[in-house]
Amino acid sequence: MTSLIHIEADGTLRVTETIEVSVEGNQIKRGIYRDFPLTFRDGGGTRHRVDFELLSVTRDGTPEPYKENRSGDDVRIYIDDPDGRLAHHHHHLYAITYETTRQIRFFDDHDELYWNVTGQEWAFPIDAVTARVVLPEGVTAIKWTAFTGRFGEKGQDWIVAKDNGGRELIFSTTRPLSVNEGLSVAVAMPKGTIATPTSAESVGYFWLDHRGEIVAIAGLALVFAYFCWAWLRVGRDPKPGTTIPLFSAPEGVSPALADYIYNNGFSDGGWRALSAACINLAVKGYLELADLESEPVLTTTGEKDDPENGIRSLPPGEAAVIKTLGHRPLKLTKENGKRVQMLGTKFSSAIVGENRGRFFKSNAAYWLPDFLLSILAVAALLFFGNLGETDIIFFVIVMTFVTMATLILVKLALTTIRNRSVSQVVQFILTMAVLLIFAGSVGTQITSLAFATEGTPFIIVSIVALLWGNTLFYHLMGAPTALGREMLDELEGLKLYLSVAERERMNMRGAPEMSPSHFETLLPYAIALRVEKPWSETFQSWLVSAAAAGPTAASYSPVWYHGAHFEPRSFGSAMSIR
């Protein structure tokens with residue numbers, strides 16, 4: 001292998017490599033490939049990107065088909081004829097000519113070319129290597145050295161000769177190179193031999209080195225700025241009112257609808273709301289419940305056959321439950337999974353269908369431009385980011401983690417941000433951003449060590465941030481309507497009343513006296529608002545206190561339940577539709 005390296009005064013290298021190949025038909029059948037790095041470290045160790053332009057490829061003096069495959073930090077030149085095969089036991093002479101820039105290292109007292117002549121990833125031994133370095137006109141080398149061996153080794157199996165008054169140096173290996181061994185040369189020239197970049201060129205080089213990071217920061221800033229504008233315009237929740245204890249449910253709001261309003265939809269698929277609806281139907285006499293602690297059974301009582309008290313008077317969700325159950329009892333077991341699933345689907349569809357957009361607006365029309373901007377930003381990152389195979393592996397690993405973590409983070413975000421001030425929302429988002437950057441940095445170090453890569457993890461983290469941010473923004477863009485805000489305030493008041501201890505409840509002015517009827521009426525709402533435990537404990541305390549009035553007053557056994565002893569304290573967790 002011989003290499004002719006011309007150094008121009010502006011730092012451009014024009015290189016012609018001549019590779020003599022012995023074809024045996026084993027690994028080389030139609031041609032060869034050659035890898036070139038697209039990064040370079042300057043005198044201070046800073047990593048830069050270089051330009052690379054392939055000028056010509058020939059085989060035995062005749063132009064040969066080729067194609068370039070750029071991936072991250074490298075370019076691979078495939079030199080082969082897809083329609084032909086090389087003759088076995090023949091020698092072929094390949095010549096590759098290309099130009100590359102930014103390969104000169106600048107030190108305080110000299111300029112230097114450090115050039116890997118062969119690369120270290122050849123799968124074949126190399127009989128001999130010759131590298132002729134031609135300096136700019138009128139320049140002679142002041143010192144030089146070379147290294148042989150595998151990557152990082154500093155073997156001295158080489159000699160050098162001077163030509164043309166010292167303007168040209170010819171390096172030659174003194175032994176054959178084994179697989180993965182190569183030759184690197186270093187030639188020092190007087191300071192100022194190579195023109196330093198102008199201000200305009202420096203700006204261009206900065207873009208070349210950091211274009212992925214620049215696009216990432218710009219994309220994140222644009223998407224975040226748009227989200228802030230859209231959220232302040234339509235996504236910010238109306239200011240909540242003063243929470244006042246409420247001793248009964250808001251008018252026209254069923255327990256299932258209370259769950260739907262309070263949680264801005266059915267966060268768990270509607271199963272808790274269905275539990276609350278079934279309890280409410282049982283209290284009103286439409287259902288009977290049995291064996292809640294083992295295999296719960298739902299049975300209609302036939303009240304739906306009464307024209308005056310039929311299902312037409314029920315809320316849509318509860319009417320759907322009665323209609324779907326019919327006259328067949330339903331045992332909540334895996335064997336009845338399809339029927340249970342159908343019950344849940346028809347129940348949730350009835351509530352969502354009637355109340356979509358009534359209490360909350362998704363404002364999806366405002367989120368869509370943010371999503372499109374993110375798609376454009378990701379596309380720009382993939383185009384400008386020079387992602388390699390190891391970066392893609394990093395991306396897959398991080399995305400797997402993010403997919404699992406996003407649901408937790410979004411749920412945390414919604415719980416934290418809802419009904420907060422602008423400053424609190426900004427503080428939360430900044431905190432999450434810091435945590436994301438920290439997690440990305442740790443992941444970067446782990447992945448870099450695992451895959452021994454110097455890829456562009458910041459770009460990958462930016463893509464993940466855009467995807468994660470859009471998931472969060474989609475949920476945050478939704479906001480209560482005026483009616484929704486009013487209902488939320490009333491439900492907060494009801495929740496406050498249901499969750500306080502018996503002593504505090506008695507101190508509330510106007511609070512009704514506890515009774516089995518009052519407990520049963522509000523129990524479905526306690527389940528919907530996730531405060532069934534304190535409400536049941538309050539009722540249990542009342543039962544204990546009522547024992548002084550006699551066993552009759554202290555006993556409690558609902559007529560709509562059959563099975564093991566009914567325990568109010570644990571009843572909230574006993575009823576499960578899952």
*Asks:* Assess whether a salt bridge exists between Lys191 and Asp109, defined as any Lys/Arg side-chain N lying under 4.0 Å from an Asp/Glu carboxylate O.
*Replies:* no
*Asks:* Salt bridge check, Arg70 against Glu68: does any charged N sit closer than 4.0 Å to a carboxylate O?
*Replies:* yes
*Asks:* Can you tell me if OH on Tyr226 sees more than 12 non-hydrogen neighbours from other groups inside 6.0 Å?
*Replies:* yes
*Asks:* What I'd like to find out is whether the side chain of Asn69 reaches to under 4.5 Å of the side chain of Ile77, using heavy atoms alone.
*Replies:*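 When only atoms from C-beta onward are counted, Ile77 and Asn69 do not touch, as no gap falls below 4.5 Å.
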*Asks:* How long is the straight-line distance from OG of Ser3 back to CD1 of Ile19, given to the nearest 0.5 Å?
*Replies:* 9.0 Å
*Asks:* Can you name the nearest heavy-atom pair linking Ile194 to Phe106, along with the distance?
*Replies:* O-CE2, 3.6 Å
*Asks:* Supply the atom-to-atom distance Tyr366 OH to Arg233 CZ, rounded to the nearest 0.5 angstrom.
*Replies:*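 With rounding to 0.5 Å, OH (Tyr366) is 4.5 Å from CZ (Arg233).
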*Asks:* For Thr100 and Val50: C-alpha separation, side-chain torsions, deciding distance, then whether side-chain contact (heavy atoms from CB on, under 4.5 Å) applies.
*Replies:* CA-CA 7 Å; Thr100 180; Val50 303; 3.9 Å; yes
*Asks:* Considering only heavy atoms from C-beta outward, does the side chain of Asp35 approach that of Val75 to under 4.5 Å?
*Replies:*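 No, their side chains stay 4.5 Å or more apart.
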*Asks:* Hey, what do you get for CD1 (Ile159) to OG1 (Thr173), rounding to the nearest 0.5 Å?
*Replies:* 8.5 Å
*Asks:* side-chain hydrogen bond (donor to acceptor under 3.5 Å, both in side chains), that's the test. Do Asp10 and Thr12 meet it? Break it down for me.
*Replies:* CA-CA 6 Å; Asp10 62 357; Thr12 300; 3.1 Å; yes
*Asks:* What heavy-atom pair brings Ala377 and Gly219 nearest, and what distance separates the two atoms?
*Replies:* CB-CA, 4.1 Å
*Asks:* Calculate, to the nearest 0.5 Å, the distance between atoms CG and CG belonging to Asn264 and Asp259 respectively.
*Replies:* 11.5 Å
*Asks:* List the atom of Asp74, the atom of Pro37, and the distance in Å for their closest heavy-atom pair.
*Replies:*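 Heavy atoms only, the tightest pair is OD1-CA, 3.6 Å.
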*Asks:* Closest approach of Asn363 and Val234, non-hydrogen atoms and distance?
*Replies:*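 Where Asn363 meets Val234 most closely, the heavy atoms are ND2-O, 3.2 Å.
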*Asks:* Would a line drawn from the ring center of Tyr78 to the ring center of Tyr66 be shorter than 6.0 Å?
*Replies:*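 Not close enough - the centres of the two rings lie 6.0 Å or further apart.
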*Asks:* If you count the non-hydrogen atoms of other residues, nucleotides and ligands that lie under 6.0 Å from CZ in Arg76, is the total more than 12?
*Replies:* yes
*Asks:* Over all heavy atoms of both residues, which pair between Ala146 and Phe171 is shortest? Give the atoms and the distance, please.
*Replies:* CB-CD2, 4.0 Å
*Asks:* Please tell me if the side chains of Leu232 and Phe227 come closer than 4.5 Å, counting only heavy atoms from C-beta onward.
*Replies:* no
*Asks:* Mind checking whether His110 and Phe107 have parallel, tilted or perpendicular rings, split at 30° and 60°?
*Replies:* parallel
*Asks:* Find the distance between NE2 (His210) and CD1 (Ile217) and round it off to the nearest 0.5 Å.
*Replies:*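 Answer for the NE2-CD1 pair, His210 versus Ile217, is 10.0 Å.
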*Asks:* Pair Gln103, Tyr114 - check side-chain hydrogen bond (donor to acceptor under 3.5 Å, both in side chains), show working.
*Replies:* CA-CA 7 Å; Gln103 300 287 356; Tyr114 184 89; over 6 Å; no
*Asks:* Mind running side-chain contact (heavy atoms from CB on, under 4.5 Å) on Leu93 and Arg59 for me, showing each step along the way?
*Replies:* CA-CA 6 Å; Leu93 204 62; Arg59 176 168 64 90; over 6 Å; no
*Asks:* Of the non-hydrogen atoms in Asp111 and Thr193, which two are nearest, and what is the gap between them?
*Replies:*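 Shortest heavy-atom contact: OD2-N, 3.1 Å.
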*Asks:* Tell me the salt bridge (charged side-chain N to carboxylate O under 4.0 Å, His left out) pairs involving residues 361-372, sequence neighbours left out?
*Replies:* none
*Asks:* Is there a side-chain contact between Glu20 and Met1 in this structure, where contact means two heavy atoms from C-beta onward sitting under 4.5 Å apart?
*Replies:* no
*Asks:* Under a 3.5 Å cutoff, is there a donor and acceptor pairing between the side chains of Glu492 and Tyr262?
*Replies:*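 Per modelled atom types, Glu492 and Tyr262 side chains form a pair under 3.5 Å.
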*Asks:* Distance-only criterion, 3.5 Å: show the donor-acceptor pairs between side-chain atoms of residues 124-140 and protein atoms not counting sequence neighbours.
*Replies:*
| residue | atom | partner | partner atom | Å |
| --- | --- | --- | --- | --- |
| Arg132 | NH1 | Asp163 | OD2 | 3.3 |
| Arg132 | NH1 | Glu168 | OE1 | 2.5 |
| Glu137 | OE1 | Arg167 | NH1 | 3.1 |

*Asks:* When you compare the side chain of Thr145 with that of Phe147, does any pair of heavy atoms fall below 4.5 Å?
*Replies:* yes
*Asks:* With a 4.5 Å limit on heavy-atom distance, are the side chains of Phe206 and Ile214 in contact?
*Replies:*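 Yes, their side chains come closer than 4.5 Å.
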*Asks:* So, do Ile32 and Val21 sit near enough that their side-chain heavy atoms are less than 4.5 Å apart?
*Replies:* yes
*Asks:* Report yes or no: is the cationic atom of Arg34 (NZ for Lys, CZ for Arg) under 6.0 Å from the centre of the six-membered ring of Phe36, at an angle within 45° of the ring normal?
*Replies:* yes
*Asks:* What I'd like to find out is whether the side chain of Trp144 reaches to under 4.5 Å of the side chain of Met189, using heavy atoms alone.
*Replies:* no
*Asks:* Show your working on side-chain contact (heavy atoms from CB on, under 4.5 Å) between Leu466 and Val223 and close with a plain yes or no.
*Replies:* CA-CA 8 Å; Leu466 286 169; Val223 169; 3.9 Å; yes
*Asks:* Can you run down the salt bridge (charged side-chain N to carboxylate O under 4.0 Å, His left out) pairs that involve residues 91-102, sequence neighbours left out, and say none if there aren't any?
*Replies:*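 Listed once each, the pairs are Arg14-Glu99, Arg102-Asp209.
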*Asks:* Mind running side-chain contact (heavy atoms from CB on, under 4.5 Å) on Trp115 and Val15 for me, showing each step along the way?
*Replies:* CA-CA 11 Å; Trp115 185 248; Val15 182; 4.1 Å; yes
